[in-house]
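Contents: one structure, followed by commentary.
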Amino acid sequence: MKITKHFVSVGSRRVHYLRAGSGPALALLHSSPCSAKVLRPIMEVFGERFTALAFDTPGFGMSDKLAVAAPSVEDFADALAETLAALGVDHVATYGRHTGASIAVEFAARHQERCAMALADGFAVFARAYSDAELDAYLEPIIPTWDGAHLLHLWFRYRDQHAFWPWNNQTAAGRSDTDIPDLDFLQRGVIELLEAGDDYRIGYAAPFRHRALGVIPDLRVPVCFGTRPGDSMHKTRSLVPSTAWSEVLPREFAAATLAERALLERYPARGSVPLAPRCTALPGRITTDFIEVDGAQVLVRSVGEVGGATAPLLVVHHAPGSSMLYDSLVAEIGKSRPVLAFDLPGHGESDPLPGNPQAIAAWVATATKVLAHLAIRQLHVYGHNGGAAVAVELARSLGDRVRGIALDAPFFLQDAERARCGTDYAPAVEPSWEGAHWIRAWHHVRDSELWWPWFERSHRNVRPGPSKIDPAHLTLRVRELMKQPSSYQPAWRANLGYAWREALAAVNCPLLLMAAPEDTFAHLLTAVRGGMPDAACIAIEDSAQSRAQAIRTSFSN
């Protein structure tokens, strides 16, 4: 089952969703604090009978928050109606898990003329109402700490959400009747908590304050309240009135999913589902979209007419990482010229290529195909840290199509430094049961700010210049690079092995060198500048405005 990723503009906000299959429309709504990614296994089954549309709830995943301080389940249901209208879907069945179940049922109550049925898997019904103090304790804030301990805490907080109910009732009475999910499931959940940030509490609190079974008198379309053994809501199934349609589903995932699909087939939505529309630009916003390259979907961010008459600037992010970390630069440059950035394959939100090759040649090939898809002939290229190698190789392969390249603190090593760093410069960060992979990633990034190389922690190796070790900033960086942890070590190996002297000697377009003192690899620029005496070199501050000004000054057209 092919599952594709999309964005749609809904009024002044942007919504991310997944799409699979064909047939009647089925809207899938995830639990908190997850995103639509948690629904992918279900979509593979539901997509055999339906056009399955799984949405990131506003404020989660890559969907914008609602413009409401404390949105209710009713607000989320109305937001779903607006999103479906933007997609041209007039009639739909709804399926939801936990928070998503509350939204699915409320949508059926508030938009009955557009709803064929609702299936609520684990509808939030509580034996008693949570007090504000209890809800505050359950939905504790996410506060970044200097030592990265908040990441380890989130790992076990998310794990214990499956070991206890509620997760902070860590007693024999609070033990859950379910299995602990696998490591990839836990890793995704922590990423999704970090994506929502401290605002995860906004959407997560909504079902706790919802009218719950009070919605039943307003229902005019079939609504099934389903529970399954092992689910936290299974214990309160007796509270659902006997007059309501309720089903006990199998414990096992595969059997439960097939049973749910059969229930949904009883009342399919009317009509067909239009093709996914293009994501339209929003004033003052970066446009996000996906482009398919060699069977992988690549996330592209852009401002302006990137395929128009004016040569755009391509921003290439450091790997491991993502283009999201360059949003401020993309937005600033976009004030005066078209600009685009994309997540390299196997990083951020871009799928890995088959076999997940983490090599500069593979990154350049993907960039070339993205440019072809967007009909971009002439361009300038900006590459940061490891992304500088991609900029250089694009200039070599595309020839005079590249009008100039800007290398910002390029991660270009001399032979002695390369030998000193070795092939295992970066630690392995694949998920481990005790969560130590988060701490390894955190302190690799943090120590790289403090020493060069990061693993030689002596007074002689203190990195020159200011260090960027603010916990909130580091959390954002680590979150993005840990979205696809299997790419981490291989991407660093690709950067370490780059033969930059020979490559730069073959570049014929204008070359701009720059580095802010705060950049982790600013000190490496001295050697690069010495080998390229004819290149322009501009001192910059560590800001999007300063970088954009340097680029505007050097590349006027």
Side-chain angles (χ1 to χ4, degrees), residues 1-10 13-30 34-58 60-64 80 83-89 92-97 100 184 188 191-192 195 257 261 264 269 271-281 286-302 322-324 340-356 366-367 369-370 372-374 483-484 487:
M1 180 60 60
K2 183 176 183 179
I3 300 174
T4 54
K5 300 177 284 188
H6 306 268
F7 290 95
V8 62
S9 297
V10 183
R13 62 187 176 91
R14 187 153 290 142
V15 175
H16 173 252
Y17 68 101
L18 307 177
R19 177 171 175 152
S22 60
L26 173 64
L28 282 72
L29 306 160
H30 60 81
C34 303
S35 75
K37 290 175 183 176
V38 74
L39 297 168
R40 292 181 73 97
I42 297 174
M43 295 181 73
E44 293 180 1
V45 178
F46 287 179
E48 295 175 353
R49 300 288 189 274
F50 301 95
T51 300
L53 305 166
F55 300 95
D56 283 356
T57 301
F60 293 91
M62 290 187 283
S63 287
D64 294 342
L80 173 62
T83 302
L84 292 169
L87 294 176
V89 177
V92 67
T94 59
Y95 168 88
R97 285 274 294 156
D184 289 339
R188 176 198 48 72
I191 291 290
E192 289 164 328
E195 282 180 323
T257 304
R261 190 179 72 182
L264 289 163
S272 58
V273 183
L275 296 175
R278 292 293 304 273
C279 182
T280 57
I286 295 170
T287 299
T288 47
D289 209 348
F290 287 97
I291 292 174
E292 187 162 320
V293 174
D294 297 332
Q297 282 193 284
V298 173
L299 175 64
V300 178
R301 306 172 192 273
S302 64
S322 82
S323 61
M324 179 267 166
L340 74 151
F342 70 97
D343 286 357
L344 295 170
H347 297 271
E349 297 296 335
S350 286
D351 299 334
L353 298 171
N356 194 22
T366 297
K369 291 173 182 177
V370 168
H373 181 92
L374 297 173
K483 284 185 172 180
Q484 302 198 52
S487 298

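Proximity of Leu28 to Leu53: side-chain heavy atoms (C-beta onward) are nowhere separated by under 4.5 Å. When side chains are defined from C-beta on, Pro24 does not count as touching Thr51, because their heavy atoms never get closer than 4.5 Å. Residues Tyr17 and Thr83 are not in side-chain contact: their nearest non-hydrogen atoms beyond the backbone lie 4.5 Å or more apart. Glu349 has its side chain within reach of Met62: a pair of non-hydrogen atoms, C-beta onward, lies under 4.5 Å apart. Using a 4.5 Å cut-off on side-chain heavy atoms (C-beta onward), Glu292 and Val298 make no contact. You'll find the side chain of Val370 reaches within 4.5 Å of the side chain of Val293, heavy atoms only. For the pair Phe7 and Leu299, the minimum side-chain heavy-atom distance is below 4.5 Å. Side chains of Thr288 and Val300 form no contact here, defined as non-hydrogen atoms less than 4.5 Å apart.
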List the steps and the verdict of side chain to side chain contact (heavy atoms under 4.5 Å, CB included) for Phe55 and Leu18.
CA-CA 6 Å; Phe55 300 95; Leu18 307 177; over 6 Å; no
Step by step, would you call Arg278 with Asp289 a side chain to side chain contact (heavy atoms under 4.5 Å, CB included)?
CA-CA 8 Å; Arg278 292 293 304 273; Asp289 209 348; 3.0 Å; yes
Please evaluate residues Arg97 and Cys34 with respect to the criterion side chain to side chain contact (heavy atoms under 4.5 Å, CB included), reporting the C-alpha separation (whole Å), side-chain torsions for both, the decisive distance (0.1 Å), and the verdict.
CA-CA 10 Å; Arg97 285 274 294 156; Cys34 303; over 6 Å; no
Going through the checks in order, is the side chain to side chain contact (heavy atoms under 4.5 Å, CB included) test met by His6 and Thr4?
CA-CA 7 Å; His6 306 268; Thr4 54; 2.7 Å; yes
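The minimum heavy-atom distance between Pro352 and Ala296, with the atom names listed, is O-CB, 3.7 Å. Residues Val92 and Ala27 share a closest heavy-atom pair of CG2-N, 3.5 Å. Between Ala269 and Ala93 the shortest heavy-atom distance is CB-N, 3.9 Å. Minimum interatomic distance between Arg14 and Cys279 (heavy atoms only, all atoms of both residues): NE-SG, 3.3 Å. Contact detail for Ser63 and Pro58: the closest heavy-atom pair is CB-CA, 4.1 Å. Scanning both residues, Ile3 and Gln297, for their nearest heavy atoms gives O-OE1, 4.1 Å.
Between His16 and Phe290, the angle of the ring planes lies from 30° to 60°, which puts this pair in the tilted group.
Not counting sequence neighbours, the partners of Ser323 by the side-chain contact (heavy atoms from CB on, under 4.5 Å) test are Arg301, His317, Ala341, Asp343. With sequence neighbours excluded, the residues that form a side-chain contact (heavy atoms from CB on, under 4.5 Å) with Val45 are Thr257, Leu258, Arg261.
Listed for the Asp56 side chain is a donor-acceptor partner under 3.5 Å among the backbone atoms of Ala36. At least one donor-acceptor pair closer than 3.5 Å links the side chain of Ser9 to the backbone N or O of Thr280. Between the His30 side chain and the Thr57 main chain, a donor and an acceptor come within less than 3.5 Å of each other. Looking only at distances, a side-chain donor or acceptor of Ser487 sits under 3.5 Å from a matching main-chain atom of Gly346. Counting only distance, with no hydrogens or angles, the side chain of Glu192 and the backbone of Ser35 share a donor-acceptor pair below 3.5 Å.
Within the model, atoms CG of Leu39 and CZ of Phe46 stand 9.0 Å from one another, a figure rounded to the nearest 0.5 Å. Rounding to the nearest 0.5 Å gives a distance of 10.0 Å between CD1 of Ile191 and CD of Gln484.
Of the residues Glu48, Met43, Arg40, the one that meets the side-chain contact (heavy atoms from CB on, under 4.5 Å) test with Met1 is Glu48.
Ion pairing of Lys5 with Asp351 is present here, as a side-chain N (NZ or NE/NH1/NH2) and a carboxylate O approach within less than 4.0 Å. Here Glu195 pairs with Lys483 in a salt bridge; the nearest charged N to carboxylate O distance falls below 4.0 Å.
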